[in-house]
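Worksheet for the structure shown next.
Nothing here was measured: the structure is a model prediction, and the numbers come from that model.
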Amino acid sequence: MQDSALLIAALTGITAILASWVGSRGSARAAQIQSETTRAAQEAGSARTSRRSAYVEVIRNAHMMGERFIDVLPAVGWSEPAARTSALREVQQRHAQHHAEMMRAIHTAHLEGPDDVVGAADQLERASMRVYLAIDAMAEESAVFSPDFDESYHQFWDALRNFTSVARRSIHQARS
């Protein structure tokens with residue numbers, strides 16, 4: 001009887017040790033999984049914040065440039081062709097400065113964004129260049145009006161709306 005009691009005690013002890021080991025391994029694995037999940041959520045949040053900042057900078061710079069397109073109106077209002085050309089060249093120079101600032105932001109967005117955001121940013125860049133070239137053509141001809149300017153102006157704002165929409169979708173998809 002003593003042998004069976006000793007055997008039962010030994011089995012109980014071994015079972016307790018094994019249960020403790022299995023329990024500690026399970027707890028350690030659960031803590032590791034929780035740590036990995038928390039780290040992944042923090043990385044996703046950081047990436048989302050970084051993307052958002054890059055996209056906001058593109059949008060801010062594009063708005064600053066687009067709002068200055070109104071400077072074309074007083075420039076074409078000059079009755080003397082030489083004065084009109086000079087005023088249009090000034091508008092064109094300011095546009096080039098704003099375009100350069102927007103391009104720095106677009107290059108950052110290229111690093112942050114998925115392909116659809118990169119494509120929308122490139123479309124915005126091309127639209128800005130079309131406005132620049134339309135202003136250049138108006139200055140060359142001392143034009144009072146340019147249908148190319150009107151068309152490129154609207155294409156620019158369409159490209160900005162498209163970029164904003166694609167960027168927004170990208171940020172929201174990163175949350176899911």
Side-chain angles (χ1 to χ4, degrees), residues 37-176:
T37 302
T38 301
R39 182 183 49 78
Q42 288 172 342
E43 285 177 1
S46 176
R48 201 172 29 257
T49 300
S50 181
R51 276 185 178 181
R52 184 181 186 286
S53 294
Y55 302 161
V56 164
E57 193 62 18
V58 170
I59 293 165
R60 186 184 73 75
N61 279 289
H63 266 282
M64 286 176 54
M65 180 172 43
E67 289 167 1
R68 298 311 327 154
F69 292 156
I70 199 156
D71 293 343
V72 167
L73 296 176
V76 296
W78 287 93
S79 59
E80 182 183 315
R84 188 177 317 118
T85 295
S86 176
L88 284 167
R89 290 286 181 221
E90 287 178 28
V91 170
Q92 189 180 23
Q93 285 176 344
R94 284 192 300 272
H95 177 82
Q97 291 168 347
H98 287 297
H99 179 82
E101 291 172 19
M102 184 183 74
M103 285 309 301
R104 284 189 286 278
I106 284 176
H107 290 147
T108 302
H110 280 186
L111 290 173
E112 295 290 335
D115 290 342
D116 56 343
V117 173
V118 170
D122 290 344
Q123 179 187 13
L124 183 60
E125 174 192 359
R126 287 188 301 274
S128 173
M129 284 304 300
R130 283 191 292 272
V131 172
Y132 179 86
L133 293 172
I135 295 170
D136 184 57
M138 288 170 63
E140 285 293 319
E141 299 169 9
S142 295
V144 176
F145 171 76
S146 168
D148 289 341
F149 175 78
D150 283 351
E151 183 179 336
S152 62
Y153 170 86
H154 291 293
Q155 287 174 351
F156 174 83
W157 288 110
D158 289 344
L160 179 56
R161 277 190 291 278
N162 181 56
F163 176 82
T164 303
S165 175
V166 171
R168 181 178 184 277
R169 215 172 21 255
S170 169
I171 291 169
H172 288 287
Q173 285 174 350
R175 287 184 184 163
S176 15

Practice task
Look at the side chain of His107 and the backbone N and O of Met103, then say whether any donor-acceptor pair between them is shorter than 3.5 Å.
Solution key: yes
Practice task
For Arg89 and Glu140, run side-chain contact (heavy atoms from CB on, under 4.5 Å): C-alpha distance rounded to whole Å, both residues' side-chain angles, the deciding distance at 0.1 Å, then the answer.
Solution key: CA-CA 9 Å; Arg89 290 286 181 221; Glu140 285 293 319; 2.5 Å; yes
Practice task
Could you please spell out the steps behind the salt bridge (charged side-chain N to carboxylate O under 4.0 Å, His left out) verdict for Arg130 and Asp148?
Solution key: CA-CA 8 Å; Arg130 283 191 292 272; Asp148 289 341; over 6 Å; no
Exercise for the section: Verify, without hydrogens or angle tests, whether Ser170 (side chain) and Val166 (backbone) share a donor-acceptor contact under 3.5 angstrom. Expected result: no
Handout entry: For Ala127 against Ala159, the heavy-atom pair lying closest together
Key = CB-CB, 3.9 Å
Problem - Residue among Val72, Val131, Asp71 satisfying side-chain contact (heavy atoms from CB on, under 4.5 Å) with His95 - result: Val131
Exercise for the section: Look only at the side chain of Ser165 and the backbone of Arg161, and say whether a donor-acceptor pair between them is shorter than 3.5 Å. Expected result: no
Problem - Stepwise side-chain contact (heavy atoms from CB on, under 4.5 Å) test for Glu57 and Thr108 - result: CA-CA 9 Å; Glu57 193 62 18; Thr108 302; over 6 Å; no
Handout entry: Carboxylate-amine/guanidinium proximity below 4.0 Å for Glu101 and Arg60
Key = no
Problem - Side-chain (Thr85) to main-chain (Pro81) donor-acceptor, under 3.5 angstrom - result: yes
Exercise for the section: Report yes or no: does Arg84 contribute a side-chain atom to a donor-acceptor pair with the main-chain N or O of Ala139 at less than 3.5 Å? Expected result: no
Handout entry: Heavy-atom closest contact (Asn61 atom, Met102 atom, distance)
Key = CB-CA, 3.7 Å
Practice task
Kindly indicate whether the side chain of Val144, heavy atoms from C-beta on, has any atom under 4.5 Å from the side chain of Trp78.
Solution key: no
Practice task
Determine whether Pro114 and Arg51 make a side-chain contact, defined as any pair of heavy atoms from C-beta on separated by less than 4.5 Å.
Solution key: yes
